[in-house]
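One structure is given here, and the rest of the page talks about it.
Quick note on labels: first sequence line is chain A, next is B, and so on, each numbered from 1. What you see is a predicted model; the values in this text were computed from it and never measured.
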Amino acid sequence: MPRYLLLKHYRGGPEPHHPFPPMDQWAPEDVEAHMSFLRNIRDSLKETGEYVDGQALTPENTWVRWGGPDAAPVTTEGPHPETSDLVAGWYMVDVDSHERALEIAAEVSSEPGPGGEPLYEWIAVRELMTE
Amino acid sequence: MRLDEGALRALVPRVLAGLVRRGEDFDAAEDALQEALLEAMRSWPEHPPRDPQAWLTTVATRRLIDARRSEAARQRREEAIGADRPPAADLGDFTSEPGDDTLFLLFCCCSPDLSPASQVALTLRAVGGLTTREIADAFYVPEVTMAQRISRAKRTLRGRRLDSPGDLAVVLRVLYLIYTTGHTERIDLAPEAIRLARQLTLATEEPEARGLLALMLLNHARLPARTDAEGRIVPLDRQDRSLWDAREIAEGVRVLQSALAMQTDERPPGRYEIEAAIAALHDDAASAEETDWDQILGWYDDLLALSADPASEDPAAVLGRAVAVGHVHGGAAGLRETDRLGDAIGERHRWHAVRAHLHELDGDLGAAAEAYAEAARRATNVSERDHLVRQAARARAA
């Protein structure tokens, strides 16, 4: 069965369908609803046997490359352009089809935001190569 | 018969220490014992041995002989001139009380030549008797990675003379690291750390070993109240104190008192005893409002006195003290205490989280919300991040 990464982003991707403020500025009950929605997604993916992994990333992003012989690695000094993609985390799912991966991603994207309205967040869907 | 895994694992350090004292190489003896343990799990339920320790020693010895034979055969085949086995460990300084076995092995596993991650892994296997799989699960790495980490650690120790008493401070740090870091959804090492610390207190009179055990017990007692049914963090001041484990608290207090009873002018309480005393004061309060912050602040003063320059050497202690100052002298005073930590830990989420709490004590909810949000952005743990976002939203809405 194919495996997919469903990537959530801090920023980047297509124009937001529905802009929204950062979560710490939402009403407390909306924060709760959002978090419990995501917990349920994880639980239901486990129940259907499709869940492989889910991880979150901190917003820190350092670019690094080899500095050459006898030189320290070269890193970029932040901050990066506000338009660059910044991945926030992922679900890895093991599903029957590409369609099913899109279906799950769309469900994630319907997560409730301020006032309980869906966020319509863009989710990137990437297939893993098999070994 | 059901196999008592706890009893089986308790034998691990004794059997292993016996083999190493007899002159076997630590690395080979540890491998042989692992094989003997696997065989015990297979055969004991059907055929329980009369003397489990002797059984394990015999089977491990047989494995060692087999391994040496095949090694010798290989060497003959390669016509290599076999170097003698490394000199046997000279264990003159150690007698063979069971408690000493634990201490001896802890010193081996917590050798300062090993990285903290290796010390932790090796301790759990050689002293705790956990399988590589269990240790891998606890630290969320693939089993092969953990197996490699363990065998590299053992290679580092190979041929090393194991006769010098180790550094107890390193052992304590490793056990505390096991307590604080080893828990995932699948396995929780906190009880294992407590078991090892308890064994350690039987092996040494050192008050700090008791201090560490007390600290673990007094913190662990609050575990059932620390998260709610949905896995959300519940901060100390909102926990349902009836969920705290009264038996663990009682034991922790008793152990702490026995440690503090050993204090003299020349030997004031060490950091684990002090931290345990602070934990005991929290555990002792029937409600958050009844917390004896004056006494807690006094203990934090003692903790800071252990460092020449606390702000750079022990910023966590200075931060903890700032919270106590906030409760005793008000949020603004606490905030001033955190100012001098900006250089050392201003990048860390905990600094911002503590400042947020102090702003709240000071009645400035807007500043608290800002600081909670900043802490959330810097958090490196999902549960903590979610908790900080909630705190920010709550402070903003209030």
Side-chain angles (χ1 to χ4, degrees), chain A residues 7-11 20-47 51-62 75 77-80 82 86-92 108 111-117 119 121 128 131, chain B residues 136-137 139-145 184-186 227-235 238 345-353 355-357 359-360 365-398:
Chain A
L7 294 166
K8 283 169 75 77
H9 288 74
Y10 286 113
R11 59 163 194 259
F20 51 87
M23 208 192 306
D24 58 84
Q25 291 168 23
W26 303 2
E29 58 274 20
D30 293 342
V31 172
E32 286 311 327
H34 179 87
M35 288 175 177
S36 97
F37 180 91
L38 291 181
R39 250 195 326 273
N40 289 340
I41 292 230
R42 182 178 296 229
D43 290 347
S44 73
L45 287 173
K46 283 181 181 172
E47 228 159 82
Y51 181 85
V52 180
D53 186 33
Q55 302 286 339
L57 299 171
T58 72
E60 277 311 300
N61 182 28
T62 309
T75 57
E77 301 293 331
H80 303 287
E82 280 300 307
L86 190 60
V87 174
W90 65 79
Y91 295 97
M92 194 196 287
V108 172
E111 64 209 318
E117 287 297 306
L119 283 184
E121 181 186 359
L128 274 78
E131 286 187 24
Chain B
D137 279 355
F139 291 97
Y140 230 120
V141 297
E143 189 175 350
V144 284
T145 304
T184 60
E185 278 176 48
R186 278 172 293 180
T227 49
D228 66 12
E230 271 80 52
R232 291 178 292 208
I233 290 178
V234 184
R238 285 160 198 241
I345 53 168
E347 301 284 307
R348 310 290 289 273
H349 79 276
R350 209 169 297 282
W351 186 75
H352 294 275
R355 287 178 64 91
H357 177 66
H359 278 302
E360 257 194 296
L365 291 177
E370 287 296 328
Y372 278 128
E374 187 57 34
R377 274 190 285 280
R378 294 166 186 271
T380 57
N381 172 285
V382 175
S383 305
E384 277 183 53
R385 193 264 318 266
D386 289 355
H387 172 65
L388 291 163
V389 169
R390 280 191 195 99
Q391 294 281 63
R394 185 181 51 75
R396 214 179 290 277

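The two residues P28(A) and A397(B) have their closest heavy-atom pair at CD-CB, 3.5 Å. The two atoms that bring T58(A) and A379(B) nearest to each other are CG2-O, 3.6 Å, heavy atoms only.
In this structure a side-chain-to-backbone donor-acceptor pair under 3.5 Å is present from R396(B) to D24(A).
Between chain B and the options M35(A), M23(A), Q25(A), the largest number of non-hydrogen pairs under 4.5 Å is found for M35(A).
Heavy-atom distances place no part of R378(B) under 4.5 Å from chain A, backbone and side chain included. E60(A) does not touch chain B: none of its heavy atoms, backbone or side chain, sits under 4.5 Å away. In this structure, no portion of A395(B) lies under 4.5 Å from any heavy atom of chain A.
Between atom CZ of residue R394(B) and atom CD of residue E32(A) there is a gap of 11.0 Å, rounded to the nearest 0.5 Å.
In the displayed structure, R232(B) atom CZ is contacted under 6.0 Å by more than 12 heavy atoms of other residues, nucleotides or ligands. At most 12 non-hydrogen atoms from other residues, nucleotides or ligands lie less than 6.0 angstrom from CD of E347(B).
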